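Take a look at the structure set out below.
None of the values given here were measured: they were computed from a predicted structure. All values below were derived from every heavy atom in this structure, side-chain atoms included, with hydrogens, water molecules and symmetry-related copies excluded. Order of appearance sets the numbers: ligands from 1, and atoms from 1 within every ligand.
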Amino acid sequence: MAREACGSNPFVSPEEMARQKEYSEKAALMIKNKYAEPKAHIRTYGCQQNVSDSERIRGLLSEMGYGVTETAEEADLILFNTCAVREHAEDRVFGNVGALKHHKRRKPDSLLVLCGCMMQQQNVADRIKKSYPHIDLVFGTHVIHRLPELIYKAHTEKKRIFELPDIDGIIAEGLPVQRDGDIKGWLPIMYGCNNFCTYCIVPYVRGRERSRNPENILEDAKTLIASGIKDITLLGQNVNSYNGGGLNFSQLLRMLNELPGDFRIRFMTSHPKDCTAELLQTMADCGKVAKHLHLPFQAGSDEVLKSMNRRYDKQKYLSLIQTAKQLMPTLTFTSDVIVGFPGESYENFLETLELIKEVQFTSLFTFIFSPREGTPAAKLADPISREEKVKWFSLLTKTQEEISLCINRRWMGKTLRVLVEEEDKEKGVLNGRTEGNIIVEFEGPPDLVGSFAEVRITETLTWVLKGSLQ
Ligand code: SAM
Ligand code: SF4
Ligand code: F3S
């Protein structure tokens with residue numbers, strides 16, 4: 001794939017956005033004539049960045065006249081928004097893409113579409129081209145705003161479309177959004193990544209780091225708050241290196257914290273190398289910023305961290321945690337960990353176990369290393385067997401379960417503010433989350449869903465707190 005430069009201005013021009021609007025109107029007319037009640041089915045794999053992209057894809061499809069269906073069988077358009085972060089995720093997608101050929105046979109008039117990080121890899125695009133001829137349209141992570149044009153062409157041109165420019169990345173403002181829920185909302189503040197951790201495919205498929213302007217972020221936040229959203233998560237692969245309109249991430253947080261309304265602000269993901277004392281102080285100062293820090297450490301051994309190109313060591317990580325705990329005694333921590341990185345020894349792994357015991361995370365996202373073609377780590381010698389790595393992985397998750405159960409006990413008898421997210425009709429309870437992102441179950445009237453409630457904790461389990469409404 002040829003690499004195009006995107007220059008210093010990553011913003012899509014108003015002329016291009018207007019051109020897409022015209023395509024959207026033309027596509028809407030055509031789709032209306034073609035289907036009685038056009039329906040789209042969207043399946044999203046991967047991280048919140050993809051979830052947020054799918055909300056925009058849904059917005060664009062809705063403007064073209066598609067309704068949404070959860071039932072793939074009845075869909076006139078099926079779209080998979082894919083993830084490339086681990087091999088297992090990719091295998092699942094290939095399996096499901098293969099199965100789509102039955103859908104095409106039953107509904108030859110339907111459109112089958114693939115997009116997202118996985119498609120941004122040349123080897124994957126080649127495989128789809130060659131072995132999955134029923135797929136009509138494939139597009140990459142940098143052209144979501146051009147969906148109207150691509151859908152129009154996929155309907156009118158009698159050929160398959162592969163639109164996968166390999167560029168540094170763009171920012172498209174003003175896309176329509178159809179959100180997943182009305183209590184919690186995603187707010188992207190930046191895209192891409194410049195860190196090139198040696199195991200990670202993300203910088204290759206998402207392009208270089210680029211930040212949105214604070215004015216646009218502020219407008220989106222106001223819209224979310226006005227629509228009743230009570231929990232806003234600022235998104236980016238490394239939000240700490242946000243740099244938009246002369247503001248750094250701490251300054252952006254302070255600005256958002258000033259907005260009127262009763263809501264929480266969360267953010268993910270933070271990189272320890274850019275987690276500054278200023279940021280921790282900002283979190284402590286800002287009442288609306290949830291007291292929860294997701295700070296991936298990936299490995300407890302300095303040797304492994306160096307080989308991962310993480311650019312911090314265990315000491316730096318632990319001192320950040322210590323400062324954060326001093327500033328915010330109720331702060332909860334979560335993290336990402338990789339087990340079985342190439343060259344990691346059992347002794348190295350034991351350092352990871354030591355670290356999780358020292359920090360006391362409330363929960364962890366744990367992964368076994370998965371080699372990703374094109375990344376430096378995929379070329380490293382990896383002598384430890386899969387069976388051995390699975391043993392380490394089980395030990396890690398078992399240790400974390402014990403820690404989670406133990407530290408959840410500190411909430412016993414306390415009254416916590418819970419954002420009520422849903423009613424579990426089967427159990428006859430309401431579910432919500434604390435600002436530390438811990439799930440709380442309690443009995444109460446369903447009309448509390450979408451608001452904050454005070455709940456006194458009466459039982460503490462590994463992953464859930466139970467309580468009674470105050
Ligand atoms: N930017 C974030 C960060 O640096 O923590 C998140 C990146 S990634 C989307 C989410 C997590 O997937 C990473 O933190 C890492 O633990 C895991 N991951 C990424 N590449 C992996 C690989 N090749 N094998 C196993 N786990 C991987
Ligand atoms: Fe991947 Fe590292 Fe970037 Fe996170 S910071 S997206 S792990 S390269
Ligand atoms: Fe996957 Fe892309 Fe996210 S690779 S984890 S969907 S940025």
TODO: For atom 1 (Fe) of ligand 3, find the nearest protein heavy atom and state the residue, atom name and distance (0.1 Å precision).
DONE: C83 SG, 2.4 Å
Open item on the list: Test side chain to side chain donor-acceptor pair (under 3.5 Å) on Q120 and D166; report intermediate values, then the result.
Closed with: CA-CA 8 Å; Q120 202 65 39; D166 182 16; 4.7 Å; no
Task: Protein heavy atom at shortest distance from atom 2 (Fe) of ligand 3 - done: C117 SG, 2.2 Å
Task: Aromatic plane relationship, Y152 with Y23 - under 30° parallel, 30 to 60° tilted, over 60° perpendicular - done: tilted
Open item on the list: If I take atom NE2 from residue H271 and atom CD from residue Q237, how far apart are they, to the nearest 0.5 angstrom?
Closed with: 11.0 Å
Task: E55 side chain vs D180 backbone, donor-acceptor pair below 3.5 Å - done: yes
- [ ] Name the closest protein heavy atom to atom 19 (C) of ligand 1, giving the residue it belongs to and the distance to 0.1 Å.
- [x] V85 CG2, 3.5 Å
Open item on the list: Among all the protein's non-hydrogen atoms, which is closest to atom 5 (O) of ligand 1, and how far away is it?
Closed with: P296 CG, 3.1 Å
Task: Proximal atoms of ligand 1 relative to T269 (non-hydrogen, under 4.0 Å) - done: 2 (C), 3 (C), 5 (O)
Open item on the list: For atom 27 (C) of ligand 1, which of the options R372, R206, Q49, R86 provides the nearest non-hydrogen atom?
Closed with: R86
Open item on the list: For atom 16 (O) of ligand 1, what is the closest protein heavy atom, and at what distance to 0.1 Å?
Closed with: Q298 OE1, 2.7 Å
Open item on the list: Suppose the cut-off is 2.8 Å; how many protein N/O/S atoms fall inside it around atom 3 (Fe) of ligand 2?
Closed with: 1
TODO: Heavy atoms only: give me the nearest S52-L235 pair and the separation to one decimal.
DONE: CB-CD1, 3.8 Å
- [ ] Go through the steps for H292 and T332 under the test side chain to side chain donor-acceptor pair (under 3.5 Å), then give the verdict.
- [x] CA-CA 5 Å; H292 168 218; T332 61; 4.5 Å; no
Open item on the list: Just to check, does I338 reach to within less than 4.0 Å of ligand 1 when the distance is taken from its heavy atoms?
Closed with: yes
- [ ] Tell me, yes or no, whether the heavy-atom count around D182 atom CG, taken from other residues, nucleotides or ligands under 6.0 Å, exceeds 12.
- [x] no
TODO: Run the numbers for me: atoms of ligand 1, each under 4.0 Å from some heavy atom of F369, listed by number.
DONE: 24 (N), 25 (C)
- [ ] Considering only non-hydrogen protein atoms, determine which one is nearest to atom 7 (S) of ligand 3 and report residue, atom name and distance to 0.1 Å.
- [x] Q237 NE2, 3.3 Å
Open item on the list: Using a 4.0 Å cutoff against the non-hydrogen atoms of R310, which atoms of ligand 2 qualify?
Closed with: 2 (Fe), 7 (S)
Open item on the list: With a 4.0 Å cut-off on heavy atoms, is H294 in contact with ligand 1?
Closed with: no
TODO: Return the orientation label for the F369 and F341 ring planes: parallel under 30°, perpendicular over 60°, tilted otherwise.
DONE: perpendicular
Task: Atom pair NZ/CG of K316 and L318 - distance to nearest 0.5 Å - done: 12.0 Å
Open item on the list: Quick test: of every protein heavy atom, which one is nearest to atom 7 (S) of ligand 2, and how far off is it to 0.1 Å?
Closed with: Y199 OH, 3.4 Å
Task: E402 CD to I356 CD1 distance, which is reported to the nearest 0.5 Å - done: 9.0 Å
Task: Pairwise distance CD1(I407) to OG1(T462) - rounded to 0.5 angstrom - done: 11.0 Å
Task: Over-ring placement of K129 relative to F162, 6.0 Å and 45° cut-offs - done: yes
Open item on the list: With respect to atom 3 (Fe) of ligand 3, please indicate if C47 possesses an N, O or S atom at a distance under 2.8 Å.
Closed with: yes
- [ ] May I ask you to identify the nearest protein heavy atom to atom 4 (O) of ligand 1, giving residue, atom name and distance to one decimal place in Å?
- [x] R310 NH1, 3.4 Å
TODO: Give a yes/no verdict on whether any heavy atom in I368 is under 4.0 Å from an atom of ligand 1.
DONE: yes
TODO: Show which atoms of ligand 3 fall inside a sub-4.0 Å distance from at least one heavy-atom site of N50.
DONE: 6 (S)
- [ ] Say whether R206 and ligand 3 are in contact under the criterion: heavy-atom distance to a ligand atom below 4.0 Å.
- [x] yes
Open item on the list: List ligand 1 atoms under 4.0 Å from F367, heavy atoms only on the residue side.
Closed with: 11 (C), 12 (O), 16 (O), 17 (C), 25 (C), 26 (N)
TODO: Would you please classify the geometry between the H155 ring and the Y66 ring as parallel, tilted or perpendicular, with 30° and 60° separating the classes?
DONE: parallel
TODO: List the steps, then state whether side chain to side chain donor-acceptor pair (under 3.5 Å) holds for S345 with N348.
DONE: CA-CA 5 Å; S345 64; N348 293 146; 3.0 Å; yes
Task: atom 4 (S) of ligand 3 - nearest protein heavy atom and its distance - done: A84 N, 3.3 Å
Task: cation_pi(R92, Y45) dist<6.0 Å, angle<=45 - done: no
Open item on the list: Could you identify the single nearest non-hydrogen protein atom to atom 11 (C) of ligand 1 and state the distance to 0.1 Å?
Closed with: D336 OD2, 3.4 Å
Open item on the list: Could you identify the single nearest non-hydrogen protein atom to atom 1 (N) of ligand 1 and state the distance to 0.1 Å?
Closed with: Q237 O, 2.7 Å
- [ ] Look at atom 22 (C) of ligand 1 and say which protein heavy atom is nearest, naming residue and atom and giving the distance to 0.1 Å.
- [x] S370 O, 3.6 Å
TODO: Check step by step if side chain to side chain donor-acceptor pair (under 3.5 Å) holds for E209 and S241.
DONE: CA-CA 9 Å; E209 215 169 77; S241 59; 3.0 Å; yes
Task: Aromatic ring proximity F249/F267, centre distance under 6.0 Å - done: yes
Task: Nearest neighbour in protein (non-hydrogen) for atom 20 (N) of ligand 1 - done: Y199 CD1, 3.3 Å
Open item on the list: Classify the ring geometry of F297 against F361: parallel below 30°, tilted from 30° to 60°, perpendicular beyond 60°.
Closed with: parallel
